[in-house]
Amino acid sequence: MPELPEVETIARGLHKRVAGDSIEDVWLSGKSPTFKSQPREILATLPSARIVAVRRMGKHIVFDLERNGVQRWKARAVGRRTRIGKSNEAMSSHPQWIVHLGMTGRMVVCVPSEEVVKHTHAIVKLASGRELRFIDPRRFGRLSVTARGNFEAGGLEPLEVDRGQFVTLFRGRKTPIKSALLNQKLLRGVGNIYADESLFRAGIRPRRRASSLTREQLERLYASVQQVLKKAIALGGSSVSDYVDADGEEGFFQLEHRVYGREGEPCLVCKTPVKRVVLSGRSSHYCPNCQR
DNA sequence: ACTATTTCCTGGATGC
DNA sequence: TGCATCCAGGAAATAG
């Protein structure tokens, strides 16, 4: 399940491989709801665009694109005024291609002769002769296009927010702190694994109401989130459920997991068995002794 | 205005 | 071996 560190790793890998390349052609599986934008809009936007950069926003991969053929589109739009607004993204000279990997989404760069595996939903032909493919068995991933500046990835970037902002974000919320951490509208990029791992390191139980936490506890949580995310990025993310980066390499942060996926196993600090509770439909792992 | 629950998906694990 | 059932979970949609 790609969260911030995995998406960061993938985006960096993709940038290294395809920045500067151009999109020549696009094929889409047409399997809704993989596409958040209309497929026709994606097909109108991507071909002939140059990939300026690939980066991460929250859990989204953002391809910054540049189009030169804008005049052609404007000319065509003159005769059909109603399309001007609707084809806005395709019109933009600096569109963005937004990819959310969901649970099982993968982006791979390969040669065209590579077998097209089951659940391939997009194939992007590049001028260099390679292909960029989006593969997503469970189809929780989403593809969309937008004009530059339109895309809102959610709340604040966890690694850009300062301590005071972080405290303000959560203080006073009645919801469990774990749920608040997962809320992308507050902080964008933290998912189930890193929420659990951050809460363990801060010594806070997932079910604690955010409003019941002291400033000191929130500050400790802030430090934990920073530490966990940075370390996870340094290790290339967590490889669970066959996650691999853009180069097909596994990450190693799963070796640093202290509670996630360790139900019943002894806490690495105090040996108390790790507990698992379901919190708003999601598994939450914690040490009942170390976390209060 | 908030918060909680349901829904979308398929592969892998489990149970009989 | 085969078949049914359950579970994983991000975020949008829906309900409270």
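Hydrogens, waters and symmetry mates play no part in the numbers below; they use all other heavy atoms, side chains included. Throughout, a chain's letter reflects where its sequence line sits, starting with A, and its residues are numbered from 1.
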A.B. asks: Roughly how bent is the helix from B:dC2-C:dG16 to B:dC16-C:dG2 end to end, in steps of 10 degrees, with each end axis from five pairs?
C.D. replies: 50°
A.B. asks: Side-chain donor-acceptor pair under 3.5 Å between A:Arg209 and A:Ser211, yes or no?
C.D. replies: no
A.B. asks: Excluding sequence neighbours, so at least two apart, what forms side-chain contact (heavy atoms from CB on, under 4.5 Å) with A:Arg282?
C.D. replies: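 A:Arg282: side-chain contact (heavy atoms from CB on, under 4.5 Å) contacts with A:Leu182, A:Asn192.
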A.B. asks: Who are the salt bridge (Lys or Arg N to Asp or Glu O under 4.0 Å) partners of A:Arg258, not counting sequence neighbours?
C.D. replies: none
A.B. asks: Who passes side-chain contact (heavy atoms from CB on, under 4.5 Å) against A:Thr168, sequence neighbours left out?
C.D. replies: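 None.
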A.B. asks: Tell me: CG of A:Leu279 to P of C:dA8, nearest whole Å?
C.D. replies: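 So the two atoms are 13 Å apart, to the nearest Å.
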A.B. asks: Give the rounded distance in Å between these two atoms: NE2 of A:His100 and P of C:dG9.
C.D. replies: 15 Å
A.B. asks: What residues form a salt bridge (Lys or Arg N to Asp or Glu O under 4.0 Å) with A:Arg50, not counting sequence neighbours?
C.D. replies: A:Glu66
A.B. asks: In the 5'-to-3' direction, what one-character label does each nucleotide of nucleotides 2-9 of chain B receive under the scheme B = base within less than 4.0 Å of a protein heavy atom, S = sugar-phosphate only, - = no such atom?
C.D. replies: -SS---BB
A.B. asks: Who clusters with A:Val116? Use side-chain heavy atoms, under 4.5 angstrom, across I, L, V, M, F, W and Y, and order the result by chain and number.
C.D. replies: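 Members other than A:Val116 - counting any ILVMFWY side chain reachable under 4.5 Å - are A:Trp27, A:Ile123.
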A.B. asks: Provide the full list of salt bridge (charged side-chain N to carboxylate O under 4.0 Å, His left out) pairs with a residue in residues 173-192 of chain A, sequence neighbours left out, each pair given once.
C.D. replies: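 Counting only pairs at least two positions apart or across chains, the salt bridge (charged side-chain N to carboxylate O under 4.0 Å, His left out) contacts touching residues 173-192 of chain A are A:Glu157-A:Arg188, A:Lys178-A:Asp196.
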A.B. asks: Would you list the pairs meeting salt bridge (charged side-chain N to carboxylate O under 4.0 Å, His left out) in which at least one residue belongs to residues 267-278 of chain A, sequence neighbours left out?
C.D. replies: A:Glu263-A:Arg276
A.B. asks: Whole angstrom is fine here: how far is it from NE2 in A:His285 over to P in C:dC7?
C.D. replies: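 Rounded to the whole Å, the gap is 14 Å.
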A.B. asks: Suppose the criterion is salt bridge (charged side-chain N to carboxylate O under 4.0 Å, His left out): which pairs have a residue in residues 221-234 of chain A, not counting sequence neighbours?
C.D. replies: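 Matches after skipping sequence neighbours: A:Lys231-A:Glu256.
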A.B. asks: Please classify the nucleic acid contact of A:Lys118 as base, sugar-phosphate, or nothing, using heavy-atom distances under 4.0 Å.
C.D. replies: sugar-phosphate
A.B. asks: How many whole angstroms separate atom CG of A:Leu101 from atom P of B:dT10?
C.D. replies: 18 Å
A.B. asks: Name all pairs fulfilling the ring-ring contact (aromatic ring centres under 6.0 Å, His included) condition that reach into residues 256-289 of chain A, sequence neighbours left out, sorted by first residue then second.
C.D. replies: A:Phe253-A:His257, A:His257-A:Tyr260, A:Tyr260-A:His285
A.B. asks: Think A:His119 has a side-chain N or O under 4.0 angstrom from the OP1 or OP2 of B:dG11?
C.D. replies: yes
A.B. asks: Atom CD of A:Glu263 and atom P of C:dC7: how far apart are they, to the nearest Å?
C.D. replies: 12 Å
A.B. asks: Return the residues of residues 184-197 of chain A meeting this criterion: a heavy atom under 4.0 Å from some atom of DNA chain C. Order them by number, or give none.
C.D. replies: A:Gln184, A:Asn192
A.B. asks: Any side-chain heavy-atom pair from A:Asn289 and A:Val269 closer than 4.5 angstrom?
C.D. replies: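 The answer is no, as the side chains (C-beta and beyond) never meet within the 4.5 Å cut-off.
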